[in-house]
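Here is the structure we will look at.
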Amino acid sequence: EVQLVESGGGLVQAGGSLRLSCAASGFTFDDYAIGWFRQAPGKEREGFSCIRRSDGSTYYADSVKGRFTISSDNAKNTVYLQMNSLKPEDTAVYYCAADPLGPYYSDYDCGLNTVYDYDYWGQGTQVTVSS
């Protein structure tokens, strides 16, 4: 059974750092993309970063570019999100999600994905940034 588990959330001061993990298990396909989403109270679920397993290509939204870094340890089937220079507006529940990919992947860009393009989701982890 496919399962995604996020961890690493918590409470930090503005300007601080956190590292989130997304551990994947039960995958039977060779390639997939992992996306990071966040949802703040009263707001839509927002995709802000993603990575493709096979080639390590990445995407960052302008809101996190230069502050967040996504990476993958394929041997551990784990994707990491290093978050630096955190701001109060980063406060949200953070989710990882998986988009399995077929062989027609050359034109694929996970940065174009929406929430509806992802088939599997983790349970979320709370990130709170205080002023």
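Values below: every heavy atom of this structure, side chains too, minus hydrogens, waters and symmetry copies. We're numbering straight along the sequence, starting at 1.
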- Item | Point-to-point distance, once rounded to the nearest 0.5 Å, from OG of Ser130 to CG of Leu86 | 10.5 Å

- Please walk me through it: do Tyr118 and Phe37 pass ring pair (Phe, Tyr, Trp, His ring centres under 6.0 Å)? CA-CA 11 Å; Tyr118 288 92; Phe37 292 76; 5.2 Å; yes

- Message: One pair to check against side chain to side chain contact (heavy atoms under 4.5 Å, CB included): Arg52 and Cys110. What are the steps and the verdict?
- Response: CA-CA 7 Å; Arg52 182 176 179 177; Cys110 65; 5.5 Å; no

- Task: State plainly whether one hydrophobic cluster holds both Leu18 and Ile70, where clusters connect Ile, Leu, Val, Met, Phe, Trp and Tyr through side-chain heavy atoms under 4.5 angstrom apart.
- Result: yes

- Query: Hey, quick one: are Val79 and Tyr60 part of the same hydrophobic cluster, counting side-chain heavy atoms closer than 4.5 Å, chains of contacts allowed?
  - Reply: yes

- Quick one: closest heavy-atom pair of Gln123 and Leu4, and the distance? OE1-O, 3.8 Å

- Between atom CG of Leu81 and atom CG of Leu20, what is the distance when rounded to the nearest 0.5 Å? 5.0 Å

- When rounded to the nearest 0.5 angstrom, what is the spacing between OG1 in Thr69 and CE in Met83? 11.0 Å

- Query: At what distance, to the nearest 0.5 angstrom, does OH of Tyr94 lie from SG of Cys22?
  - Reply: 14.5 Å

- Task: Check step by step if side chain to side chain donor-acceptor pair (under 3.5 Å) holds for Tyr108 and Asp31.
- Result: CA-CA 12 Å; Tyr108 179 83; Asp31 195 17; over 6 Å; no

- Query: Would Ile34 and Val2 show up in the same hydrophobic cluster when neighbours are defined by side-chain heavy atoms closer than 4.5 Å?
  - Reply: yes

- Item | Contact summary for Gly9 and Val127, nearest pair of heavy atoms | CA-CG2, 4.1 Å

- Between OG on residue Ser63 and CZ on residue Arg67, distance to nearest 0.5 Å: 7.0 Å

- Item | Shortest non-hydrogen separation from Val64 to Phe48 and the atoms involved | CG2-O, 3.7 Å

- Should the pair Asp90-Lys87 be classified as a salt bridge under the 4.0 Å nitrogen-to-oxygen rule? no

- Search all heavy atoms of Asn84 against all heavy atoms of Ser17 and return the closest pair with its distance. OD1-OG, 2.8 Å

- Message: Is it true that Thr128 and Gln126 share a donor-acceptor pair across their side chains at a distance under 3.5 Å?
- Response: yes

- Item | Ring center gap for Phe68 and Trp36 short of 6.0 angstrom | no

- Is the closest side-chain heavy-atom distance between Val93 and Thr125 below 4.5 Å? no

- Query: Between Gly47 and Ala61, which heavy-atom pair has the shortest distance, and what is it?
  - Reply: O-CB, 4.5 Å

- Message: Check this for me: Glu44, atom CD, are more than 12 non-hydrogen atoms of other residues, nucleotides or ligands nearer than 6.0 Å?
- Response: no

- Task: Taking the side chain as every heavy atom from C-beta outward, state whether Arg45 and Trp121 have any pair of such atoms under 4.5 Å apart.
- Result: yes

- Ser57 side-chain N/O to Asp55 backbone N/O, donor-acceptor pair under 3.5 Å: no

- Nearest 0.5 Å, what's the CD-CD distance between Glu46 and Gln39? 10.5 Å

- Note on the structure: Note: Ser21 and Thr78 closest approach over all heavy atoms is CB-CG2, 4.2 Å

- Message: Hydrophobic clusters here meaning ILVMFWY residues chained together by side-chain heavy-atom distances under 4.5 Å, can you tell me if Tyr120 and Tyr80 are in one?
- Response: no

- Item | Ring center gap for Tyr32 and Phe27 short of 6.0 angstrom | yes

